[in-house]
J.: 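I have a structure I would like to understand better, so I am pasting it below and will then ask my questions one at a time.
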Protein chains: 2
Amino acid sequence: MSHQKIRNMEEFATLSGISRPTVSKYFNDPESVRPSTRDRIETALKEFDYRPNIYAINQNRRLTKNIGIVVPYLADPFFAEIARVLERRCIAAGFTPSLFSSHGEQGLESAILDNLRSLKPAGVLLAPLGRASDRKHIEDFCRDVPTILFDSNIEGVGAAFVGSDNFSFVSQTVEYLSRTGKVPCFFEMKDPANPNANKRRHAYLEMMRRLNLESHLVKIDGVGWGFEEIGRQGALKILREGSLPTNTVLCSNDRLAIGFLSACHELGISVGRDEECAIHVASHDDHPYSRFTCPSLTTAAHDYEAVADHAVETLFQLIEAGGKLETREETLFAARLIMRGSA
Amino acid sequence: MSHQKIRNMEEFATLSGISRPTVSKYFNDPESVRPSTRDRIETALKEFDYRPNIYAINQNRRLTKNIGIVVPYLADPFFAEIARVLERRCIAAGFTPSLFSSHGEQGLESAILDNLRSLKPAGVLLAPLGRASDRKHIEDFCRDVPTILFDSNIEGVGAAFVGSDNFSFVSQTVEYLSRTGKVPCFFEMKDPANPNANKRRHAYLEMMRRLNLESHLVKIDGVGWGFEEIGRQGALKILREGSLPTNTVLCSNDRLAIGFLSACHELGISVGRDEECAIHVASHDDHPYSRFTCPSLTTAAHDYEAVADHAVETLFQLIEAGGKLETREETLFAARLIMRGSA
DNA sequence: TTCATTTATTTACGCGCGTTAAATTTATAT
DNA sequence: ATATAAATTTAACGCGCGTAAATAAATGAA
């Protein structure tokens, strides 16, 4: 490998013995040039290791090969995990993903979208904050940039939505609990940031109605994205008051459940599947840590891969279609019940 | 706000009644133009909402205002948390951070650095994979791009290193445990990916020597970044064999400890600070979840803010100094002991 | 008012690449 | 060998902005 510094495509083209427009063509699509030409370029590429200036490239493209991935809260391993899968898929398809976290803040989410706009991305995969989002801001963004929403839906916004079927989550947990003789109350934040939480509450109420069971909502205080601490504080309060309506608690999500378990342990309350345990706990999401809680969490798992795959696939379709799809489809994937030690 | 589309700086300059070079000057540094001029530009900015084309800007800069942040494993909330702080600091200083995760893979880490190179970043904050890193690749990168290493040191590589003082971590936990009458064995991976793990082992051995206590290393199998599962499997094996040398376990890091606690619960072994508990567990890092484990983890906390602040500050110095610092400083921050329920 | 100083304008070039049209070469099929 | 199609070359323009030099205007102190 020669360590000669190459300034631009012109120089590289000369060194490889190919004209610049052909070299340019090669970089846009290696298959678009004759194999013999491709070989000569790739040979030169190995010798001189030149990379086209990404800024010059993108200046002349209406759209870049960038894909923006925006999640509401990256410190939540659930989002880190799904972002990881999304990144891989994008790279595999020849795109350059860039990852952003709104860190639970509306202002940051809006700022990220503003910046993203000037990155001229081919497309964006956006998991909005939810209730905290500036809906109009996101709408405006989606009008200009091909965007797929995931995880958290905003009705009518974006070219499509891909997420999990909240009813599937809750119906399976409720059904399982009641089948094993446990009558769950529903443990959730009073003002959930995420629309999925509302869907889960409705699913719980509906399921209890169908099963002819009395439903109980346990709503706890707290704002923000520190769900574990919110769950813990809420649980401490409820448990100390002795106001838990049933001995089976179905948490809206695993992070609240992690807090709930922590509170139980602190108060010396036994949690587990067995009859002799004081409380049974189940939850939703199959958070990466839910298998390591004590006891391990019975929960309903997202189909990470399916959600990520379908979101990316839909985005690619959207990009190929030039940024508009016929109809705005909402695709929901079913949950898978994971029976562990907590209920 | 007029919704007239503005194509370029020329148009915007005309509309704002200022010449283009002056407008350009304004965008590079608003303070560099007369206040009256600034006002006129900012008034126009509100009316027409124009943003300079970032690609055209960067093409003409030798260095951009980008800062790369690279962490080894973003699904680890520890890194997500520190990345969050780093991002904020960069934004506050007028830079544009972009976040990358190596996802525990050497190939990906190298690829990220290659891409980063062509982003012409003003600087990079890099937490290497550690043992799994391609040292030469990173060295080459650091020669070309102003880089500060953090979290995990590679001797002599990068312009500076900022991290935590592993001896401080271990000395405090060991000292605390022994002071309360507990003699810890050290629980760790056989082949730790991270150099900090080695430093911690040495610190443990040194501390035990100083305290005139017999030291015991418990080395468990496992590779990769799924530390919780590795810790859990390792603990199950050791506990089932009954080969735990002491009833006090000092884990190399919190994620292993989380796995350890999970195994204990599974086997019905009580863990806690009290004498009547079968096992006492302490650890290091103050992982975001360590306060929610059952029991909550006694651990030594990183000074996240200090590490992040100092890393960013050092990077800014490096950038201002033109990419070279007099000497390669290694700054280590002391740990803070967090006493919780587990030991 | 005058002169020095700061700030803005005008003009012009360059950055590295996408892209196009016309000319030319090369490959493929007859 | 010849016609046709496909690929490449040549030449040239444009993208949006940074930047430099020369000039003009505004400011501010004497």
Side-chain angles (χ1 to χ4, degrees), chain A residues 4-45 48-66 94 96 115 117-122, chain B residues 4-45 48-66 94 96 115 117-122:
Chain A
Q4 181 175 352
K5 285 269 163 81
I6 297 188
R7 299 167 177 277
N8 52 37
M9 195 181 281
E10 190 73 55
E11 271 190 34
F12 175 75
T14 306
L15 285 169
S16 62
I18 304 285
S19 73
R20 188 176 71 76
T22 302
V23 171
S24 172
K25 203 150 172 287
Y26 168 84
F27 279 111
N28 282 316
D29 177 12
E31 299 297 313
S32 71
V33 303
R34 203 185 297 150
S36 62
T37 311
R38 190 157 59 232
D39 285 348
R40 291 171 67 188
I41 293 178
E42 280 165 1
T43 303
L45 221 41
F48 300 110
D49 120 284
Y50 155 79
R51 299 187 66 170
N53 181 310
I54 193 174
Y55 298 107
I57 292 175
N58 288 334
Q59 180 174 18
N60 294 316
R61 277 201 208 291
R62 203 177 58 79
L63 289 183
T64 67
K65 293 288 264 179
N66 296 332
T96 306
N115 285 329
R117 218 193 216 102
S118 62
L119 285 182
K120 298 193 284 188
Chain B
Q4 181 175 354
K5 284 269 164 80
I6 296 188
R7 298 167 177 276
N8 52 38
M9 195 181 280
E10 189 75 55
E11 271 190 32
F12 175 75
T14 306
L15 286 169
S16 62
I18 305 285
S19 72
R20 187 176 72 76
T22 303
V23 172
S24 171
K25 202 150 174 282
Y26 167 85
F27 279 111
N28 283 316
D29 177 11
E31 299 297 312
S32 70
V33 302
R34 202 185 298 149
S36 62
T37 312
R38 190 157 58 233
D39 285 348
R40 291 171 66 188
I41 293 177
E42 281 165 359
T43 304
L45 221 41
F48 301 109
D49 117 286
Y50 155 80
R51 300 187 65 169
N53 181 311
I54 193 176
Y55 297 108
I57 291 174
N58 287 335
Q59 180 174 17
N60 295 315
R61 277 200 207 292
R62 203 178 57 80
L63 290 183
T64 67
K65 295 287 263 181
N66 296 332
T96 305
N115 285 328
R117 218 191 216 103
S118 62
L119 284 183
K120 298 192 286 187

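Lettering follows sequence order; numbering is per chain, from 1.
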J.: Would you kindly give the CZ-to-C1' distance between A:F12 and C:dC15, to the nearest whole Å?
T.: 20 Å

J.: May I have the distance from B:I6 (atom CD1) to D:dC17 (atom P), rounded to whole angstrom?
T.: 10 Å

J.: Evaluate the side-chain proximity of A:S16 to A:R40: yes if any heavy-atom separation is below 4.5 Å, no if none is.
T.: no

J.: At under 4.0 Å between heavy atoms, how does the protein contact nucleotides 17-30 of chain C? Give one character per nucleotide, 5' to 3', with B, S or -.
T.: BBB------S----

J.: With distance as the sole criterion, is a donor-acceptor pair present between the side chains of A:R61 and A:N28 under 3.5 Å?
T.: yes

J.: Report yes if a side-chain nitrogen or oxygen of B:T22 is closer than 4.0 Å to either non-bridging phosphate oxygen (OP1 or OP2) of C:dA8; otherwise report no.
T.: no

J.: Could you give the NZ-to-C1' distance, from B:K120 to D:dG18, as a whole number of Å?
T.: 11 Å

J.: Roughly how far, to the nearest 0.5 Å, is the CG atom of B:D29 from the CZ atom of B:R38?
T.: 8.5 Å

J.: If we count only N and O atoms by modelled type, under 3.5 Å, do the side chains of B:R51 and A:N115 hold a donor and an acceptor together?
T.: yes

J.: Assess whether side-chain contact (heavy atoms from CB on, under 4.5 Å) is satisfied between B:T64 and A:Y55, documenting all intermediate values.
T.: CA-CA 10 Å; B:T64 67; A:Y55 298 107; 3.6 Å; yes

J.: Take B:N8 and B:R20 through the side-chain contact (heavy atoms from CB on, under 4.5 Å) test and state the conclusion after the steps.
T.: CA-CA 10 Å; B:N8 52 38; B:R20 187 176 72 76; over 6 Å; no

